[in-house]
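To start, the structure itself, in structure tokens.
Ligands are counted one by one from 1 in listed order, and the atoms in each one are counted from 1 as well. If you're wondering where the values come from, they're calculated on a predicted model, not measured in any experiment.
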Amino acid sequence: MVDWTEKYRPTTLSEVRGNDSARDDLKQWAETWDDHGEAVIVHGSPGVGKTSAAHALANDMGWDAIELNASDTRTKDVIERVAGEAAKSGTLVGGSGGRKLVIMDEADNIHGNADRGGARAVTRLVKEATQPMVLIANEYYDMSNALRNACREIEFRDVGKRSIIPVLRDVCRREGIEYEDSALSALAQKNSGDLRSAINDLQALAEEADVLTEDDIVTGDRDTTEGIFDFLDDVIKEKGAQEALYAAYDVDETPDDLLNWVEDNAPKDYSGPELADAYGFFANADKWLGRVRATQDYSYWRYATDNVAAGVAAARREQKGGWTRYGPPSYWSKLGRTKGTRNTRDYIARKIAEQSGCSMATARREVMPFLAAMTHHCKPRELTVAMATAYDLEEEHVAFVTGSGKDTNKVEDIVADAEAAEAAAAVEHSGGAFEGQAEASDVEVDGTDEANTDAPAEDEDVFVDEEEDTKADDAEDDDMQSGLDEFF
Ligand SMILES: Nc1ncnc2c1ncn2[C@@H]1O[C@H](COP(=O)(O)OP(=O)(O)OP(=O)(O)O)[C@@H](O)[C@H]1O
């Protein structure tokens, strides 16, 4: 399922709605950049089109865009090295040789980091940059005085109901959805100001209803509290996207906990492509939760919930019946509490990162969950052996990923086979003929390849492993996702 907010992200400034004068200011800033050479801070609430406008601007100007995430730049060294290179010489993106628009997301969150030199480094960078820079922020006044003074300022206001409705109408037309005008109006009203959220709601609704009516749009809080197990049934088995989303509002859990619960239990009923889709939504939810942690802006919570509830329900491809033993996310709550567990997790992530050329964060967040799902309880065996071979894993690591007991013969045998396969590969590599080598060495671990290909496109992945590792442990503890519920 494609995320409509991505599918309908404006590609040119004229498609950015509701902030005409801000949009014009931005355009004017870019067109006169050669004369003034100043960076600009674009600020406003979440989901009003700041990031989209920056990318649309680059597109309109024929500039390459380089996106950096300020809250991931933990040290001033990283900011200087990565952003500095990009802004000063544009070496991060090859090719056209034209201007590069450096877009720095979450620029209001720099000084909140452990390394307070970060804000100063950005300020210096902003002053020295020889490429245009857009700094995106929610809270203008959370930014240091020096940084604010060094930049121009453009405010994006909340998108008014009158601007939201035409966007929703346009999406409906392009998706072939019938609607009552009053339904779109209610949807716009309910998501006051936040277009991302309005589009998310529309998508959740459209998953279920053939015709959108005003009655479909529930406004206000309901006072029932739904139990978590009923909620799991709703999301995983029974309800469509919209109802699952509303059910999420009635559960008395934080989005972090909801994610853990659903993520831990979905693999019991989902498999194949639907599980892969569900993991995509978990990864998105995790990204939003990461932003909440980094910025303390809790308005991002709703986007996490959209993914966990509506996304996962929409990922379901076939009817689910019967009763499933859902369990609490014990794995998650315990993971990261002990240093040993964290070390094991990070060891595996490092191996994956080394092999695939992705960052450790990507390995943890995007590759490991796939590996875990694909080798749950060491099945299929060949794939598990192939994984152990590819990443050179020991017993405790295989046990960790597959959710199997460490001491089982199964894991021991798998590692033995992996070692044999490695030895065989070494012999072959050195020119010797080795008959009968383990078949497993031929099996490819697809998830890794995919993550590898995608990795460079991720803004966070611009940064190299060491820096990723310096992130606060607390933030990391929630990072890893998999279905390893029986490890503990
Ligand atoms: N003004 C707008 N015009 C058209 N679409 C918009 C607008 N604002 C938001 N959207 C839709 O919402 C999505 C998210 O917008 P975007 O990421 O630009 O918001 P943002 O203001 O940068 O939010 P955040 O601060 O959370 O990053 C877009 O992909 C687009 O689908």
I want to confirm something. Looking only at heavy atoms, which of Thr51, Asp105, Asp20, Val167 is nearest to atom 22 (O) of ligand 1? Thr51

Heavy atom of Glu15 under 4.0 Å from ligand 1? yes

Below 3.5 Å, N or O to N or O, backbone or side chain included: is there any such pair between Leu195 and ligand 1? no

Could you name the option among Gly49, Ala56, Ser197, Gly193 that has the heavy atom nearest to atom 19 (O) of ligand 1? Gly49

Residue, atom and distance of the protein heavy atom nearest atom 26 (O) of ligand 1 read Arg196 NH1, 3.0 Å

Do any heavy atoms of Gly47 fall under 4.0 Å from ligand 1? yes

Those atoms of ligand 1 less than 4.0 Å from some heavy atom in Lys50: 18 (O), 19 (O), 20 (P), 21 (O), 22 (O), 23 (O), 24 (P), 25 (O)

What heavy-atom pair brings Asn19 and Glu155 nearest, and what distance separates the two atoms? OD1-O, 4.4 Å

Judged by non-hydrogen atoms, does Tyr300 sit under 4.0 Å from ligand 1? yes

Below 4.0 angstrom from a heavy atom of Ser52, which ligand 1 atoms are there? Numbered from 1 as shown, please. 15 (O), 16 (P), 18 (O), 28 (C), 29 (O)

Between His36 (side chain) and Trp29 (backbone), is there a donor-acceptor pair under 3.5 Å? yes

What are the atoms of ligand 1, with element, lying closer than 4.0 Å to any heavy atom of Arg291? 26 (O), 27 (O)

Using a 4.0 Å cut-off to any heavy atom of Asn138, which atoms of ligand 1 qualify? 25 (O)

Please give me the minimum heavy-atom distance between Glu15 and Pro10, naming the atom from each residue. OE1-CA, 3.3 Å

Contact with ligand 1 for Val16, non-hydrogen, under 4.0 angstrom: yes

